[in-house]
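Below, each value reflects all heavy atoms present in this structure, side chains not excepted, and no hydrogens, waters or symmetry copies. Start at 1 and go down the list; that is how both ligands and their atoms are numbered.
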Amino acid sequence: MKVIRWVVLTCLAAWGWSVWMSPPADMNAWWWRKELINLSGVLSFVLMGLIMVLAVRPAWLEKPFGGLDKMYRVHKWAGILAISFALLHYGLDLAKDVMRLFFERPVRGPRPEFWLDFLRGPVKDMGEWSVWLLGAMLLITLWQRFPYHIWRYVHKVLAVVFVVLALHAIVLAPPAWWMQPMGVLVGIAAVAGSVCAVLALSGRIGRSRTHRAVIVSVEPQGDSMLEVVCRVSGDWQHQPGQFAFLRAAGHEGQHPFTIASAQNAGNTLRFCIKKLGDYTARLPALLKAGDEVSIEGPYGCFELQRDIRQEQVWIAGGIGITPFLAWLEALQSAPGPVPVATLHYCVRSAADAVHAERLQALCATLPTITLVIHCSDEEGRPSAAALRLLDKVASQPQVWFCGPQGLGDSLEADLARAGLARGAFHREAFQMR
Ligand SMILES: Cc1cc2nc3c(=O)[nH]c(=O)nc-3n(C[C@H](O)[C@H](O)[C@H](O)COP(=O)(O)OP(=O)(O)OC[C@H]3O[C@@H](n4cnc5c(N)ncnc54)[C@H](O)[C@@H]3O)c2cc1C
């Protein structure tokens, strides 16, 4: 979230500059209202520019952000903050009539002319409509029960809203800003965001990373899991632990799944998919061997670290075992140092541990990797204490977690309280919304 902090600080600094350049004669309530409208508008718009850039999944931003899953987290929180600033911006604009009751409005001098002034009325109206739309979007985003597949289509409308708001910002920005850092920020956000909006609306996101693939096999695993093996055509390279978006022809849009296998000569990718919602529940009936699918990726930075100086702790919650399956497979086939690690596979019951046998076979050839299976029905909810991680904190291991968000949050908090260094807890975000 550092990037959001930087954006906010940069906007505050640029606003400070603009005030410094034209200091007010009287810092009255009306001056504050105008400046806060300007500041909240810029904060909202520049954050929206960032959101648009992140939405097109630029590969060059993956490393600095730590993976596409983390980029989407920043996208989500920047979105929530941008909409909050937009609501504040609009609320301050509406506050005019109430303020008149308490504060006398000083007579205003003439506004400097700007060649786009003829658009002021329409872009103000469009700005108002956009704020209502953004407010509605915020509500359905926070309401996690709103169906994801409908949310995705509604979410696309935001690219159009961004272009409207770019026009709103350019036309209504004080003309003096165009010679100041505020103008530079608005200009960069408008151009970068609009280019990305066009890419999103024309369906070009991820096109250069999309490969055709054919399904080799579809096998049920237990009651709620499916193993899908695909053969990808073209030049495909992935690191163990990365994920890809899978899209089957004629079905709803693409869904992200971790590639549960290491790179191999046959370009075959294995996905282990759990029924977690409507689409994944329908997959066993939808997919069959021989079907064509498209695979976009690979993405993510949840990559195996072959560092043998520091002990590692790997924790998988249920289907979060998939990146570790790929890591273990890679350690069998690719020569190189094997880290000292304990893999905790946390499941509800022994019946849910559908990957136990395969994990045991993979770990059997790797003496420095210890497998521990934790069944909550017998041993209670997995916690740092229950997994016996608290004693390990003294040696400052690197902890890698993949699984449900709640479990990740509680383990991270337990370990931080016990003294685990900041940055030693790495996790894959299994949720993008
Ligand atoms: C990086 C990453 C790796 C993942 N790896 C695996 C894996 O190896 N195996 C596995 O079983 N699951 C994995 N998931 C989760 C999987 O993507 C969701 O379970 C699946 O998309 C749910 O779709 P649904 O329509 O069945 O469920 P819904 O009920 O529609 O959605 C449940 C939740 O899944 C997420 N989701 C749904 N559709 C999408 C989408 N198109 N794009 C992004 N997120 C979506 C949303 O957070 C949503 O709230 C992974 C998710 C991410 C982000």
Side-chain angles (χ1 to χ4, degrees), residues 54-55 57 62 65-76 79 140-156 200 205-206 210 218-230 238-248 251-262 269-287 293-303 316-327 329 345 347 352 354-355 358 400-408 426-433:
L54 295 178
R57 304 176 187 160
E62 271 218 273
F65 275 80
L68 185 69
D69 52 319
K70 313 278 184 320
M71 281 162 67
Y72 271 112
R73 282 190 78 73
V74 173
H75 172 97
K76 170 185 165 174
I140 61 169
T141 300
L142 295 177
W143 181 34
Q144 290 284 331
R145 286 184 173 203
F146 191 84
Y148 190 89
H149 58 279
I150 305 176
W151 175 84
R152 276 183 51 188
Y153 289 109
V154 180
H155 191 226
K156 271 210 159 187
I205 296 178
T210 302
V218 181
E219 298 279 341
Q221 292 182 318
D223 295 338
S224 60
M225 223 91 78
L226 193 67
E227 185 188 82
V228 179
V229 178
C230 312
H238 75 267
Q239 295 299 320
Q242 287 194 293
F243 68 93
F245 289 92
L246 179 80
R247 183 201 298 266
H251 306 163
E252 71 172 60
Q254 46 176 214
H255 285 253
F257 298 109
T258 305
I259 305 159
S261 54
L269 309 183
R270 188 176 333 106
F271 296 100
C272 299
I273 300 175
K274 184 166 177 167
K275 284 182 200 169
L276 287 174
D278 55 348
Y279 181 68
T280 41
R282 280 186 291 123
L283 268 186
L286 293 175
L287 297 182
V293 290
S294 77
I295 308 263
E296 182 196 320
Y299 291 106
C301 296
F302 195 81
E303 290 168 16
I319 191 62
I321 194 65
T322 46
F324 300 110
L325 282 167
W327 286 14
E329 215 176 82
Y345 179 31
V347 284
D352 281 344
V354 290
H355 295 101
R358 178 153 176 75
W400 296 82
F401 171 84
C402 185
Q405 194 167 323
L407 176 59
H426 314 268
R427 62 200 283 185
E428 176 88 310
F430 244 42
Q431 238 184 350
M432 287 187 168
R433 171 177 167 190

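For Y279 and Y148, the distance between ring centers is not under 6.0 angstrom.
The residues E329 and R358 are annotated as salt-bridged, a charged nitrogen and a carboxylate oxygen being separated by less than 4.0 angstrom. Classification of E296 and R57 as a salt-bridged pair holds, one side-chain N sitting under 4.0 Å from a carboxylate O.
Panel note: side chain Q242, backbone G300; a donor-acceptor pair is recorded below 3.5 Å.
Within ligand 1, counting atoms from 1 as listed, the ones closer than 4.0 Å to a heavy atom of K274 are 10 (C), 11 (O). For ligand 1 and F243, the ligand atoms under 4.0 Å from any heavy atom of the residue are 1 (C). Of all atoms in ligand 1, numbered sequentially from 1 with element shown, those under 4.0 Å from a heavy atom of Q254 are 40 (C), 41 (N).
Both the backbone and the side chain of Y279 come within contact range of ligand 1, each with a heavy atom under 4.0 Å. Residue contacts with ligand 1 for I319 involve side-chain atoms from C-beta outward but no N, CA, C or O (heavy atoms, distance under 4.0 Å).
Distance check: E227 CD to I273 CD1 gives 10.0 Å after rounding to the nearest 0.5 Å. Note that the CE atom of M225 and the CD1 atom of I321 stand 10.0 Å from one another [nearest 0.5 Å]. Atom CD1 of I319 sits about 9.0 Å away from atom CZ of F257, to the nearest 0.5 Å. A distance of 5.0 Å separates CZ of F65 from CG of L54, quoted to the nearest 0.5 Å. Between R270 atom CZ and T322 atom OG1 the span is 11.0 Å, to the nearest 0.5 Å.
Between H75 and Y72, the two ring planes are perpendicular [angle over 60°; tilted spans 30° to 60°].
Ligand 1 is never approached by G300 to a heavy-atom distance shorter than 4.0 Å. For the pair R282 and ligand 1, no heavy-atom separation below 4.0 Å is found. By the 4.0 Å heavy-atom criterion, H149 is excluded from the residues contacting ligand 1.
Residue L276 holds the heavy atom nearest to atom 19 (O) of ligand 1 of all those in L246, L283, I273, L276. In this comparison of I321, T258, L68, the heavy atom closest to atom 5 (N) of ligand 1 sits on T258. The heavy atom nearest to atom 36 (N) of ligand 1, considering only Y72, Y299, F245, Y148, is found in Y148.
Backbone and side-chain nitrogen or oxygen atoms of D278 are examined, and one is located within less than 3.5 angstrom of a nitrogen or oxygen of ligand 1. The shortest N or O to N or O distance between E428 and ligand 1 is not below 3.5 Å. By the 3.5 Å distance cut-off applied to N or O atoms, D69 is not counted among the residues near ligand 1. Considering backbone and side-chain atoms alike, C272 places an N or O below 3.5 Å from some N or O of ligand 1. Taking distance alone, with nitrogen or oxygen atoms compared against 3.5 Å, P256 approaches ligand 1 more closely than that limit.
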